2 protein chains.
Amino acid sequence: MARSWFGDLPEEQIEATVCPVTQTQDIIAGKWKIIILWNLSTQTRRFNELQRLLPNISKGILTRQLRELEEDNMVHREVYKEVPPKVEYSLTPLGQSFIPILQSMGEWSKKNLGAK
Amino acid sequence: MARSWFGDLPEEQIEATVCPVTQTQDIIAGKWKIIILWNLSTQTRRFNELQRLLPNISKGILTRQLRELEEDNMVHREVYKEVPPKVEYSLTPLGQSFIPILQSMGEWSKKNLGAK
DNA sequence: CTGGATCCGCTATGATACTG
DNA sequence: CAGTATCATAGCGGATCCAG
């Protein structure tokens, strides 16, 4: 077992503790998670809209990544019982609270990776 | 092809543009990248030290993730020609400029994911 | 239109043994 | 100590077909 982010807590507490940075890592792990959140940060979007916005993502993967984000309570899925069907995705409050981090990442990238 | 993060740029410019958020995603993609950077954010660390700090990571993977971070200019590798060998890893200026984002992620996690 | 369900291949990850 | 080399494995990502 390892530590590092917790100091010298007693073993019992260590067992019950999870590295916060790793928790975040677990949520944004997935090739498209971050860019999906990014695209939802400004507005609600429909399934097809997301697919158009994301380069080369397949339906299956988009569905799966959205479901995982839903499970993590980052994204809300609203189904309208119409014909043809209409489904809108938006950020939950938790997802919205993550927006500043997304913006930081975008700005950091533009500032530091521009020339690469 | 898709867009979204760029407005209505002419096609030629679109081709040459890369989504900044995706660039960041590419760098931190990898199961251990974020936690490695996190562990290097406070101090320089030796190879074995990192392995002790990270739960269940194997040598091969640790080596590879460090190499990739090196290629992305996030981590600096300093080799001391001694016996026994000694290698120290630290953040480059680019890596250091990423620390605020790591901190944000940690704080966001502690504040919002605590109860899960 | 919005996806669910399958199948499949690749890549990242992981375990182990060996080396300078 | 700090890797390298090799092999095994799992899961993700992707394509395709099917359904309400």
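A quick note: this is a predicted structure, and the numbers were derived from the prediction, not measured. All values below come from the heavy atoms of this structure, side chains included, with hydrogens, waters and symmetry mates left out. A note on names: the letters A, B, ... follow the listed sequences, proteins ahead of strands, and every chain is numbered from 1.
Projected onto DNA chain D by closest heavy-atom contact, P85(A) and I61(A) fall at different nucleotides, the more 5' of which corresponds to I61(A).
The aromatic rings of Y89(B) and F47(B) sit tilted, their planes meeting at an angle between 30° and 60°.
Rounded to an integer number of Å, the gap from I57(B) CD1 to dT13(C) P is 9 Å. The separation between N48(B) atom CG and dG3(D) atom C1' is 10 Å, rounded to whole Å. One interatomic measurement links the two molecules: CG of L54(A) to C1' of dG3(C), which rounds to 16 Å at whole-angstrom precision. Counting to the nearest Å, the C1' atom of dT16(D) and the CD atom of Q51(A) are 13 Å from each other. Atom CG in L66(B) sits roughly 15 Å away from atom C1' in dC1(D) (whole-Å rounding). Atom pair D26(B):CG and dT11(C):P shows a separation of 15 Å (rounding to whole Å applied). Between the P atom of dG3(D) and the CD atom of E70(B) lies a distance of 9 Å, rounded to the nearest Å. The distance between atom CD of E68(B) and atom P of dA12(C), rounded to the nearest whole Å, is 7 Å.
The residue Y80(B) sits apart from the nucleic acid: no heavy atom pair falls under 4.0 Å. Nucleic acid contact class of Q65(A) (heavy atoms, under 4.0 Å, all strands): sugar-phosphate only. Using a 4.0 Å heavy-atom cutoff across all strands shown, K59(A) reaches at least one base atom of the nucleic acid. Looking at heavy-atom distances under 4.0 Å, R46(A) makes contact with sugar-phosphate atoms alone, never a base.
When the side-chain nitrogen and oxygen atoms of R77(A) are compared with OP1 and OP2 of dG3(C), one or more of them lie within a distance under 4.0 Å. Between R67(A) and dA5(C) there is no side-chain N or O to OP1 or OP2 distance below 4.0 Å. Phosphate contact (OP1/OP2 of dG14(D), side-chain N/O of K31(A), threshold under 4.0 Å): present. Between dG14(D) and R64(A), no contact under 4.0 Å exists linking OP1 or OP2 to a side-chain N or O. Taking 4.0 angstrom as the limit, Y89(B) places a side-chain polar atom (N or O) nearer than this to OP1 or OP2 of dG3(D).
Listed here is the closest heavy atom pair of G106(A) and P20(B): O-CB, 3.7 Å.
Under a 3.5 Å cut-off, the side chain of S41(B) and the backbone N or O of I99(B) do not form any donor-acceptor pair. Checked by atom type and distance alone, the side chain of T92(A) pairs as donor or acceptor with a backbone atom of N73(A) at under 3.5 Å.
Side-chain proximity of T63(A) to the nucleotides dC12(D), dT4(D), dG4(C) is greatest for dG4(C). When distances are taken from the side chain of W32(A) to each of dC1(D), dG14(D), dG3(D), the shortest belongs to dG14(D).
If you check the side chains of E88(A) and T44(A), you find no donor sitting under 3.5 Å from an acceptor.
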